[in-house]
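Read through the structure below, which is laid out as structure tokens, and then see the notes.
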Amino acid sequence: MATIKYTKEHEWVRVEGDIGTVGITDHAQQQLGDLVFIELPAIGKKVAQGDEAAVIESVKAASEVYAPIGGEVVEVNAALGDDPAKVNADAMGGGWFFKIRIANPKELDALLDEASYQDLVGESH
Amino acid sequence: MTDAPTESLKRTPLDSLHRELGGRMVPFAGYEMPVQYEGILAEHLHTRSHAGLFDVSHMGQARLWGPDADAAFETLVPGDVVELPRGRIRYTMFTNEKGGILDDLMIARRDDHLFLVVNAACKDADFAHIEAKLAGRLKMEILADRALLALQGPGADVALARLAPASSAMPFMSIADIKIAGIDCQVTRSGYTGEDGFEISVSAGWAKELARALLAQPEVKPIGLGARDSLRLEAGLCLYGSDIDETTTPIEASLLWTISKRRREHGGFPGAAVVQKQIAQGVSRRRVGILPEGKAPARAHTVVTDEKGAPVGEITSGGYGPSVGGPVAMGYVQTAFAAPGTPLQLIVRERAQPARVVKLPFTEHRYFKG
């Protein structure tokens with residue numbers, strides 16, 4: 001069964017084997033509002049945990065998406081290029097950003113589990 | 001994503017209504033204001049297709065009294081106030097001695113006074129400026145106890161006419177006292193979206209009742225500051241502090257149209273010599289519309305270069321235009337690059353994105369011409 005972990009910056013990563021699928025949380029898309037442009041990383045790009053990996057633009061502002069885990073980008077959700085609103089509609093599913101081949105699974109230990117993340121966003125309201 | 005402390009922020013007379021309607025409140029120009037209700041995209045598109053109600057009570061309102069008030073006020077602005085007909089309003093700006101813009105504003109002539117609307121962030125400085133320069137020539141009455149609502153969009157006319165039939169015949173850029181749903185209001189046919197619409201000044205105590213009466217019309221939804229900004233950007237209208245400020249003159253800002261022939265010739269406003277010289281000899285940079293050719297928005301302060309990469313200007317307002325369906329921007333470029341069609345590059349996240357100069361507005365103005 002896949003494990004989902006979260007960052008304090010509101011990214012999620014779903015781990016299946018050595019592949020992590022990355023997106024932003026539903027809480028994040030609600031806070032950002034309507035997304036109008038998403039810049040995804042190039043396939044083959046190597047990122048360290050915490051590196052800027054993608055850029056999302058709402059009507060009002062641009063924000064960064066950070067890699068929740070280090071590794072090599074192996075796939076991107078190209079459908080977001082034509083339809084960034086997929087992230088607003090389904091942030092935890094069809095609105096995923098990219099898949100990464102995880103370099104060091106130990107880095108997952110630094111991330112939040114579901115309950116801790118829900119505590120975090122619960123407190124910020 | 002943490003909210004700034006809000007204790008010191010002011011609230012408008014519609015504050016509780018915004019919260020009741022689900023408005024997301026943010027700090028803006030010293031006030032807590034709704035940035036959005038259901039979402040900026042939907043609100044923007046609703047305003048262009050139907051009608052939107054905006055709370056702009058944070059803006060400054062004042063009456064200027066005295067037989068000499070028009071001539072006195074003209075000493076602070078390049079717009080024509082002396083020849084402004086009764087019942088009409090005009091867009092102009094306060095200038096400084098260098099011809100820079102201290103604020104932009106609307107001035108209207110009523111039967112026995114002038115009515116003034118200025119930006120929220122500048123209002124204290126504007127009122128102090130008027131007091132300091134004109135105290136002996138006019139009497140200023142600051143209207144701190146009045147709300148200001150804007151009803152904008154192609155459905156604004158029919159929505160307002162149900163509550164106030166007299167509003168429908170008002171020409172664009174006119175002002176009148178009209179009862180709306182029985183409430184005494186001062187109405188102008190004007191706005192900041194490029195659409196037909198009205199701006200309604202009402203006593204603070206009646207503001208919520210008026211807003212509810214307008215929101216009860218089937219065309220009308222509440223609209224936040226987010227869509228207000230994207231609507232005005234598509235309409236090519238300046239945001240003070242971004243597109244115009246103390247370092248930009250009306251000529252550089254492509255606002256020569258706001259200065260009448262008489263005022264161009266006779267001057268008599270702060271910085272007139274600079275402005276007159278610029279009219280005669282041209283300017284080195286100009287505000288233009290800039291259309292990014294890709295999908296990435298170019299935000300304020302983005303560097304603009306020529307096709308070879310040499311810097312020629314800067315974006316001052318930029319974002320996504322929901323009605324255009326893509327990014328839109330405006331900014332200042334060297335005059336040699338200001339002609340519509342001129343190819344440019346925008347440096348977004350260190351990469352050059354193709355763009356070109358376009359004639360403003362991005363969406364055609366649909367002001368009332370009846």
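Lettering follows sequence order; numbering is per chain, from 1.
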_I need the minimum non-hydrogen distance between Ser58(A) and Arg299(B), along with the two atoms involved._
O-NH2, 2.7 Å
*Salt-bridge test for Arg351(B) and Glu39(A): reply yes if a basic N is under 4.0 Å from a carboxylate O, no otherwise.*
yes
*asked:* Testing the basics here: between Ala62(A) and Arg349(B), what is the closest heavy-atom pair and its distance to 0.1 Å?
replied: CB-NH1, 4.2 Å
*Output all residues satisfying ring pair (Phe, Tyr, Trp, His ring centres under 6.0 Å) with Tyr367(B), sequence neighbours left out; order by chain, then residue number.*
Phe172(B), His365(B)
*asked:* Can you list everything that forms a side-chain contact (heavy atoms from CB on, under 4.5 Å) with Asp306(B)? Sequence neighbours excluded, please.
replied: Lys308(B), Ala310(B), Val312(B), Phe337(B)
_Residue part contacting chain B, namely of Ser63(A), when any heavy atom lies under 4.5 Å_ = neither
_Those residues of residues 80-110 of chain A, ordered by number, that approach chain B below 4.5 Å (heavy atom to heavy atom)_ = Gly81(A), Asp82(A)
*Give the member of Gly319(B), Ser230(B), Gly226(B), Pro297(B) that has the highest number of heavy-atom pairs under 4.5 Å with chain A.*
Pro297(B)
*Which heavy-atom pair separates Tyr320(B) from Val36(A) by the least distance, and what is that distance?*
CD2-CG1, 3.3 Å
*asked:* So which atom in Asp34(A) and which in Gly39(B) form the shortest heavy-atom distance, rounded to 0.1 Å?
replied: OD2-C, 3.7 Å
*side-chain contact (heavy atoms from CB on, under 4.5 Å) partners for Ala67(A), two or more places apart*: Val47(A), Ala53(A)
*To the nearest 0.5 angstrom, please state how far the NZ atom of Lys60(A) sits from the CD atom of Gln36(B).*
9.5 Å
